[in-house]
Protein chains: 2
Amino acid sequence: MRPDLDTVFAALADPTRRRILTMLLEDDMAVTDVADPFEMSLAAISKHLTILTRAGLISQEKRGRVKWCKLEPDAMREASVWIASFGQFEGLDLDAFEVFLAGQFASDEAHKAEDRDDDDDKADDIDDVTH
Amino acid sequence: MRPDLDTVFAALADPTRRRILTMLLEDDMAVTDVADPFEMSLAAISKHLTILTRAGLISQEKRGRVKWCKLEPDAMREASVWIASFGQFEGLDLDAFEVFLAGQFASDEAHKAEDRDDDDDKADDIDDVTH
DNA sequence: CCGAAAGTCAACCAATCGGTTGAATGTGCA
DNA sequence: TGCACATTCAACCGATTGGTTGACTTTCGG
């Protein structure tokens, strides 16, 4: 069930789901906690999470009676790559792009460490973003 | 009619529409010519083009009885920025990124030259990469 | 002026979406 | 054991999607 661009973009085409993704950026969350800041029903959120899972943007793992949601960066990177490799970037200097990103990240290491309590490997993902 | 992320992502969530976009990369095209390589009816393509227009990804201008479709890079850039500012790029300097993209896109102007039967002008439109 | 070409419009279809409610299924805890 | 919590399931709703076909408008060309 590999995530294709169709489902990824479709999943991103909803503000609720994009907000969920940014929430999951902070930390893994239980379904109930994901649903908390939203007005809608828990069942609705559950559906959104299913769509995000189907798109490969998150994964869900049940531990006890709690189902934990966590971000899966690969799928979004696929979308990112499609856009980035898109023609209007025909004139884009991909090397310059990588250099730019690398520079951004390098200069970022300093203040990233301080508000980071969990130890993810997100930083390492940046390398192959243009491939 | 400003393109929001919802409609942009939704428009990108269809292989036909993505293919149309890449076709328009080469050149502006009439609706009939856009429809040509597809199996589906002209009316179907017309609808797809409406969706792309509504998303701001393309624009359509009628000259004579022919309606020309041309790519509008701004909308996609918005999507690109959203993704780029997301997770794996957490901590990315968004302003710098936009400046970078703007620089890259500025080189696109050369692309709009009116003659175009064959254009491989990639070579010289990357020389003012922003730093 | 007549016919063909370029597109859109309108009606229709089945499928999916985003949301609701209420019932059902697990699981943890006192 | 039994209740409360976490989450999904099932049925339903109105709106939208992606496609069809056929009729229609506008414009070009002989």
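Model, not experiment: these values are computed from the prediction. Order of the sequence lines fixes the chain letters, A, B, ..., with proteins taken first and strands second; residue numbering starts at 1 for each chain.
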Enquirer: Tell me which pairs pass side chain to side chain donor-acceptor pair (under 3.5 Å) where either residue lies in residues 59-69 of chain A, with sequence neighbours left out.
Expert: Thr53(A)-Gln60(A), Ser59(A)-Glu72(A), Glu61(A)-Arg63(A)
Enquirer: Of all the heavy-atom pairs spanning Ala13(B) and Ala10(A), show the shortest one and how long it is.
Expert: CB-N, 3.4 Å
Enquirer: Would you give the length of the straight line joining atom CG of Asp4(A) to atom CZ of Arg54(A), rounded to the nearest 0.5 angstrom?
Expert: 10.5 Å
Enquirer: Indicate for each nucleotide in nucleotides 6-13 of chain D, in 5' to 3' sequence, whether protein heavy atoms under 4.0 Å reach the base (B), only the sugar-phosphate (S), or nothing (-).
Expert: SBBB-B--
Enquirer: Where along residues 11-24 of chain B does a heavy atom fall under 4.0 Å from DNA chain C?
Expert: none
Enquirer: Is it true that Val66(A) and Met29(A) fall in one hydrophobic cluster, defined by side-chain heavy atoms closer than 4.5 Å?
Expert: no
Enquirer: Quick check: do Asp6(A) and Arg18(B) have side-chain heavy atoms less than 4.5 Å from each other?
Expert: yes
Enquirer: Taking any atom closer than 4.0 angstrom to a non-hydrogen atom of chain A, what span of DNA chain C does the protein reach, first nucleotide to last?
Expert: dC17(C) to dG28(C)
Enquirer: How many angstroms lie between atom CD1 of Ile20(B) and atom CG of Leu57(B), to the nearest 0.5 angstrom?
Expert: 11.0 Å
Enquirer: Round to the nearest Å and state the distance from Phe38(B) atom CZ to dG19(D) atom P.
Expert: 10 Å
Enquirer: Does any non-hydrogen side-chain atom of Val8(B) lie less than 4.5 Å from one of Leu12(B)?
Expert: yes
Enquirer: At how many degrees, to 10°, do the end axes of the helix from dC1(C)-dG30(D) to dA30(C)-dT1(D) meet when each uses five pairs?
Expert: 10°
Enquirer: So, Ser85(B) side chain and Val81(B) main chain: donor-acceptor pair closer than 3.5 Å or not?
Expert: yes
Enquirer: To the closest 0.5 Å, what do you measure between OG1 (Thr22(B)) and CH2 (Trp82(A))?
Expert: 7.0 Å
Enquirer: Distance-only criterion, 3.5 Å: show the donor-acceptor pairs between side-chain atoms of residues 30-48 of chain A and protein atoms not counting sequence neighbours.
Expert:
from	atom 1	to	atom 2	distance (Å)
Ser41(A)	OG	Ala44(A)	N	3.1
His48(A)	ND1	Arg17(A)	NH1	3.1

Enquirer: Same hydrophobic cluster for Leu25(B) and Ile51(B), using side-chain heavy-atom links shorter than 4.5 Å among ILVMFWY?
Expert: no
Enquirer: Distance from Arg19(B) atom CZ to Thr16(B) atom OG1, nearest 0.5 Å?
Expert: 7.5 Å
Enquirer: Mapping Ala10(A) and Gly64(A) onto DNA chain C by nearest heavy atom, which one lands closer to the 5' end?
Expert: Ala10(A)
Enquirer: Please report the shortest heavy-atom distance between Ala55(A) and Ala75(A), naming the atom on each side.
Expert: O-CB, 3.5 Å
Enquirer: NE2 of His48(B) versus P of dT16(D): gap in Å, rounded?
Expert: 18 Å
Enquirer: Roughly how many Å is it from CD1 in Ile51(B) to C1' in dG19(D), rounded to a whole number?
Expert: 11 Å
